[in-house]
Q: 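Handing you this structure, nothing more for now.
From a predicted model like this one, the values you see are computed outputs, not experimental measurements. Just so we're on the same page: letters track the sequence lines, and every chain starts at 1.
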2 protein chains.
Amino acid sequence: MSEPQNPIEDYVSYALAAAHRAVNRSLAARLKKHGVQIEAWRIMEILDTGRRLTMGELAEIALINPPALSKLVDRMVSNGFVHRQSAQNDHRQVNLLITALGQKRMIQIRADIQDQDKQIVEQLGDEQAQKLLDILSGLS
Amino acid sequence: MSEPQNPIEDYVSYALAAAHRAVNRSLAARLKKHGVQIEAWRIMEILDTGRRLTMGELAEIALINPPALSKLVDRMVSNGFVHRQSAQNDHRQVNLLITALGQKRMIQIRADIQDQDKQIVEQLGDEQAQKLLDILSGLS
DNA sequence: TGAATTTAGTTTCCAAGTCAATTAAATTCT
DNA sequence: AGAATTTAATTGACTTGGAAACTAAATTCA
């Protein structure tokens, strides 16, 4: 006796994809004004904490595959938002650092992004929003 | 007084992206054996209920932008999984139908996909899994 | 009716992502 | 030490996706 998995909406993977798509759309729309894509925002947000990260560590945290990260970083370097620095211990590694321009840009961007996040949290309610983060953390 | 939004993990958009990425990875790995991508599975899963859908309706439900859907359907047609049929009322519209081959393939695929979904639900526990679907539906 | 507008789907051109191969540095092993 | 292996990042060839333009059919309206 296997219970039929009826509508596609009941698959966790579908529900996640749908919500992710909706949230990403509005996020991308906000970032468009700043001329930045979602992944670039993540990178700058992560770097702006001042942590010294290698490309590999960054790829992991920023949810980007290494080849895609390399190419995106190329673009961000030419935009002047970040710069590469070869690690002194291990010359295979590359540390990525945010530039002053990148930081300046992040101040403006962050306001917008936090506003969007706040809207989502309000839409769900504090309790549900917290619960959501909670449950999602069990999936990654 | 604005509370600082500290680590990136606390952004709803980040948590969603991370979970979505993790789930999609394992889903894609399973589908790879069947030579099918996630979006193609969604299309076939949706069509296999027997509903008669236009490209536009399908794009909406399958979470695919119309141009991407057109191209993916081209490939699926040449694989013999689906076929197009111009709608008789409105000749601008195209109905997409699953073929016998597509249905046959879906039987095998669905077993794998349902197994993955079941694993996720077990990992979270029934209650949390249900709660997750619940909360996510408020975002799409 | 028939010109103007809207709608559905596709195509085009280009930007971005993937997989596999490559380069260069570090580490392991004999 | 130095040959063989592993690791970090990038690159190259190819595929896919997106925005905007386009085609064809339907609808509106003068």
Q: Base, sugar-phosphate alone, or nothing: which one does B:N95 contact when heavy atoms must sit under 4.0 Å apart?
A: nothing

Q: Quick one: sort the B:W41 and A:Y11 rings into parallel, tilted or perpendicular, breaks at 30° and 60°.
A: perpendicular

Q: Just N and O in the side chain of B:R92: are any of them under 4.0 Å from OP1 or OP2 of D:dC22?
A: no

Q: Looking at B:T54, I'd like to know whether one of its side-chain N or O atoms comes within less than 4.0 Å of OP1 or OP2 on C:dA8.
A: no

Q: Identify, between A:H91 and A:I64, the residue whose nearest nucleotide on DNA chain C lies closer to the 5' end.
A: A:I64

Q: Of the nucleotides D:dA8, D:dA20, C:dA8, which has the atom closest to the B:P67 side chain?
A: D:dA20

Q: As a test of reading the structure: which of C:dG17, D:dT10, D:dA26 is closest to the side chain of B:D90, going by heavy atoms?
A: D:dA26

Q: Output the single nucleotide from D:dT10, C:dG9, C:dG17 whose closest atom is nearest the side chain of A:P66.
A: D:dT10

Q: Closest-nucleotide mapping onto DNA chain D: is A:K32 or B:N89 further toward the 5' terminus? I mean the 5' end.
A: A:K32

Q: Does B:R25 make a side-chain N or O approach to OP1 or OP2 of C:dT18 shorter than 4.0 Å?
A: no

Q: Any side-chain N or O of B:Q37 below 4.0 angstrom from OP1/OP2 of D:dG17?
A: yes

Q: By nearest atom, which of the nucleotides D:dA9, D:dA13, D:dT10 is closest to the A:K71 side chain?
A: D:dA13

Q: Within the distance-only criterion (no hydrogens, no angle test), does the side chain of A:E45 pair as donor or acceptor with the backbone N or O of A:A62 below 3.5 angstrom?
A: no

Q: Are any of B:R75's side-chain N or O atoms less than 4.0 Å away from OP1 or OP2 of D:dT15?
A: no

Q: Side chains of B:L16 and B:L139: does their closest heavy-atom pair fall under 4.5 Å?
A: yes

Q: Between B:R52 (side chain only) and B:N95 (backbone N and O only), is there a donor and an acceptor less than 3.5 Å apart?
A: no

Q: So, OP1 or OP2 of D:dG18: does either fall under 4.0 Å of a side-chain N or O from B:N65?
A: yes

Q: Would you mind telling me which of C:dA8, D:dT11, C:dT18 lies closest to the side-chain atoms of A:D74?
A: D:dT11

